[in-house]
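Notes follow once the structure below has been shown.
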There are 2 protein chains.
Amino acid sequence: MSKLEDMQNLLNRATALEELQRVTEHLREHYQVNHVVYHWVNSVGERFGCGTYTTDWIDRYLEKDYLHIDPVIHGCFQRFNPVDWKSLDWSSKPARAFMKEAIEFGVGTQGYTIPMRGPNGQFALFTMNHTCSDEDWAAFIDKQQRDLILVAHGFNQRALAMEEGVFPLATPSLSPRELSAMTLLAKGKSRAQAADEMSISEHTLRVYIESARHKLGAMNTTHAVARSLAIGIIVV
Amino acid sequence: MSKLEDMQNLLNRATALEELQRVTEHLREHYQVNHVVYHWVNSVGERFGCGTYTTDWIDRYLEKDYLHIDPVIHGCFQRFNPVDWKSLDWSSKPARAFMKEAIEFGVGTQGYTIPMRGPNGQFALFTMNHTCSDEDWAAFIDKQQRDLILVAHGFNQRALAMEEGVFPLATPSLSPRELSAMTLLAKGKSRAQAADEMSISEHTLRVYIESARHKLGAMNTTHAVARSLAIGIIVV
DNA sequence: TTTCTACTCCCCAGAAATAGCGAGGCCGGA
DNA sequence: TCCGGCCTCGCTATTTCTGGGGAGTAGAAA
């Protein structure tokens, strides 16, 4: 039994954010790296995180709205596979300034981040970073890659399980015609065009949009389509 | 070197659908199961698949539009973690009829499906199924779980890499104000409300929406917001 | 059987979005 | 320095959407 499996067991029993936090600390010990962080955006846009960053750095990050500068966030949003920080675009001036400041706060110069996406638009990142040479880091990643993916998945499963406790997965169910309507609108069709494609009158189409809107608790058509996409009941 | 690692290497070199197909066949041999299937919906809603199902079954599946009945699809859309088919809801009449027919076409009675989500709304499923007892299947899954997750990831990485060849990831870049506008609209705000929140005149807001629309190649506001969400440049 | 949901169609008035036109200031890169 | 992108504001006319109100069918569930 490796230490890692012990940690996975610990992870699988975690039911609160503090327990995930503790796992990140154990992982840091185990891998002997600067930091281990897991954070995510849930289905209603709230952000959560746990990890070994100092509160100073987290406060700084939030205060300066680095979410919109951090190339790791940008890069991971565009990718499925894990991302080595070296492969990201650090060419812009704010990005470099951000990196410089991060290092001052103890963040490693080398980093590896695994993006994950869940139902209802959930998006999460599992990051490990360290200060060492490119070669050492490459060797480390090469060796641990698989384990890191599995650990990251473990984190996300627990996080999603915690959410289900809070948001009991009340996905509104739209009828087939309502879904078609939402899909066509999401594709940019006007009501007239959508009605035409569905071979119904525009009046009828409007009824579907309305009822979909009500089911989704949306303020207007755009909102309804946005929610449909976000909760994954339609795909463009 | 296990056989599995050989297969992962094979997978990592795959550049076309046929090669993925071949890997599914190898996996079926290796694990001695009825079927191995990987299929996905890409960023523009096109569907692709490869695996060991018979063409008869695939044709039947498409013909009867089973995508909208199959509880595996439904269940996986709502989940992040891998799904054992037994844990799904087979209570509805069409679902049971579907399962019965699937078995007639050689699909296993036991199944395990791993859902995956990528950037730009990509959604994929990796499935392994077999006909055996509950106990044997549980033991098999328990033993292979980790490897299956890694293999599934391998498939998805290759599939996404193939897509980038076809859709060169030309993500339009919106200005900060344009992004704010899109985000507020996605949250259900009207133009007046959004303008108010951004502390600008509604006329100005309109300019942002218009320019965002043009950058995104969208037909109307709803379409622009839908695209922004789908390509992941905003989060609700 | 009754009830419920889904699907289809219709009208109207007011609110909102769209498609054009225009203007000026600011900042950063070529 | 000039060009381009970004941010801000204005006008008009037309089209589209929204939010109410109806009403009838069919099929499935209770």
Side-chain angles (χ1 to χ4, degrees), chain A residues 68-69 89 91-97 171-228 233, chain B residues 65 68-69 89 91-98 171-228 233:
Chain A
H68 292 109
I69 296 169
D89 175 26
S91 61
S92 85
K93 200 180 289 179
R96 278 199 303 272
T171 311
S173 72
L174 303 193
S175 76
R177 299 299 266 178
E178 287 162 350
L179 288 175
S180 302
M182 289 295 108
T183 305
L184 289 169
L185 293 177
K187 284 180 176 168
K189 302 288 193 299
S190 71
R191 295 204 304 199
Q193 289 173 315
D196 197 48
E197 279 203 35
M198 290 172 66
S199 305
I200 55 176
S201 77
E202 193 183 327
H203 303 282
T204 304
L205 180 83
R206 232 175 52 192
V207 176
Y208 294 140
I209 299 174
E210 283 295 286
S211 67
R213 257 208 15 245
H214 286 124
K215 284 183 183 175
L216 293 161
M219 303 299 292
N220 50 45
T221 303
T222 299
H223 195 196
V225 171
R227 286 192 66 82
S228 300
I233 57 177
Chain B
D65 199 27
H68 291 109
I69 296 169
D89 176 24
S91 61
S92 85
K93 200 180 291 178
R96 277 199 304 272
F98 161 74
T171 311
S173 72
L174 302 193
S175 77
R177 299 299 265 176
E178 288 162 349
L179 287 175
S180 302
M182 289 295 109
T183 305
L184 289 169
L185 293 177
K187 285 180 177 168
K189 302 289 195 296
S190 69
R191 296 205 301 199
Q193 289 173 316
D196 197 49
E197 278 203 37
M198 290 172 67
S199 305
I200 54 176
S201 77
E202 196 183 325
H203 301 283
T204 304
L205 180 83
R206 231 175 52 194
V207 176
Y208 295 139
I209 300 174
E210 284 294 286
S211 67
R213 261 208 11 246
H214 287 126
K215 284 184 184 175
L216 293 160
M219 303 299 293
N220 51 43
T221 303
T222 300
H223 194 195
V225 171
R227 287 191 66 83
S228 300
I233 57 177

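Every chain is numbered from 1 and lettered A, B, ... according to where its sequence line falls, protein lines coming before strand lines.
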With [X] via salt bridge (Lys or Arg N to Asp or Glu O under 4.0 Å) - residues at least two apart:
X        : answer
B:Arg206 : none
A:Arg177 : none
A:Arg213 : A:Glu210

Rounded distance [0.5 Å steps], [atom1] in [X] versus [atom2] in [Y]:
X        : Y        : atom1 : atom2 : result
B:Lys189 : B:Met198 : NZ    : CE    : 12.5 Å
B:Leu184 : B:Asp196 : CG    : CG    : 10.5 Å
A:Asn220 : A:Ile209 : CG    : CD1   : 11.5 Å

- Message: Suppose we screen for side chain to side chain donor-acceptor pair (under 3.5 Å). Which residues come up paired with A:Thr222, at least two apart in sequence or across chains?
- Response: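 A:Thr222 satisfies side chain to side chain donor-acceptor pair (under 3.5 Å) with B:Thr222 only.
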- Item | Residue list, side chain to side chain donor-acceptor pair (under 3.5 Å) with A:Ser180, at least two apart or on another chain |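 Not a single residue meets the side chain to side chain donor-acceptor pair (under 3.5 Å) criterion with A:Ser180.
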Show each protein N/O and nucleotides 27-30 of chain D N/O combination with a separation under 3.5 Å, one pair to a line.
none

- Task: Walking along DNA chain C from 5' to 3', note the first and the last nucleotide with an atom under 4.0 Å from a heavy atom of chain B, and give both.
- Result: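 The footprint of chain B covers C:dA17 to C:dG20.
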- Message: Rounding to 10°, can you tell me the angle the first-five-pair axis of the helix from C:dT1-D:dA30 to C:dA30-D:dT1 makes with its last-five-pair axis?
- Response: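 It works out to 60° between the end axes.
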For [X], give me all partners under side chain to side chain contact (heavy atoms under 4.5 Å, CB included), at least two apart in sequence or on another chain.
X        : result
B:Leu179 : B:Leu174, B:Ile233, B:Ile234
B:Ser211 : B:Glu178
A:Ala192 : A:Ser190, A:Glu202

Could you check how far [atom1] of [X] sits from [atom2] of [N], rounded to whole Å?
X        : N      : atom1 : atom2 : answer
A:Ile209 : D:dC17 : CD1   : P     : 7 Å
B:Met219 : D:dT16 : CE    : P     : 11 Å
B:Asn220 : D:dC17 : CG    : C1'   : 11 Å

- Message: Any base atoms under 4.0 Å from A:Thr221, or only sugar-phosphate, or nothing? Heavy atoms, all strands.
- Response: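 Touches sugar-phosphate only.
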Which pairs, protein N/O on one side and nucleotides 6-13 of chain D N/O on the other, fall under 3.5 Å?
| from | atom 1 | to | atom 2 | distance (Å) |
| --- | --- | --- | --- | --- |
| D:dC6 | OP1 | B:Lys215 | NZ | 3.4 |
| D:dC7 | OP2 | B:Ser175 | OG | 2.5 |
| D:dC7 | O3' | B:Tyr208 | OH | 3.4 |
| D:dT8 | OP1 | B:Arg177 | NH2 | 2.9 |
| D:dT8 | OP2 | B:Arg177 | NE | 2.9 |
| D:dT8 | OP2 | B:Arg177 | NH2 | 3.3 |
| D:dT8 | OP2 | B:Tyr208 | OH | 2.2 |
| D:dC9 | OP2 | B:Ser201 | N | 2.6 |
| D:dC9 | OP2 | B:Ser201 | OG | 3.4 |
| D:dC9 | OP2 | B:Thr204 | OG1 | 2.9 |
| D:dC11 | N4 | B:Arg206 | NH2 | 2.8 |

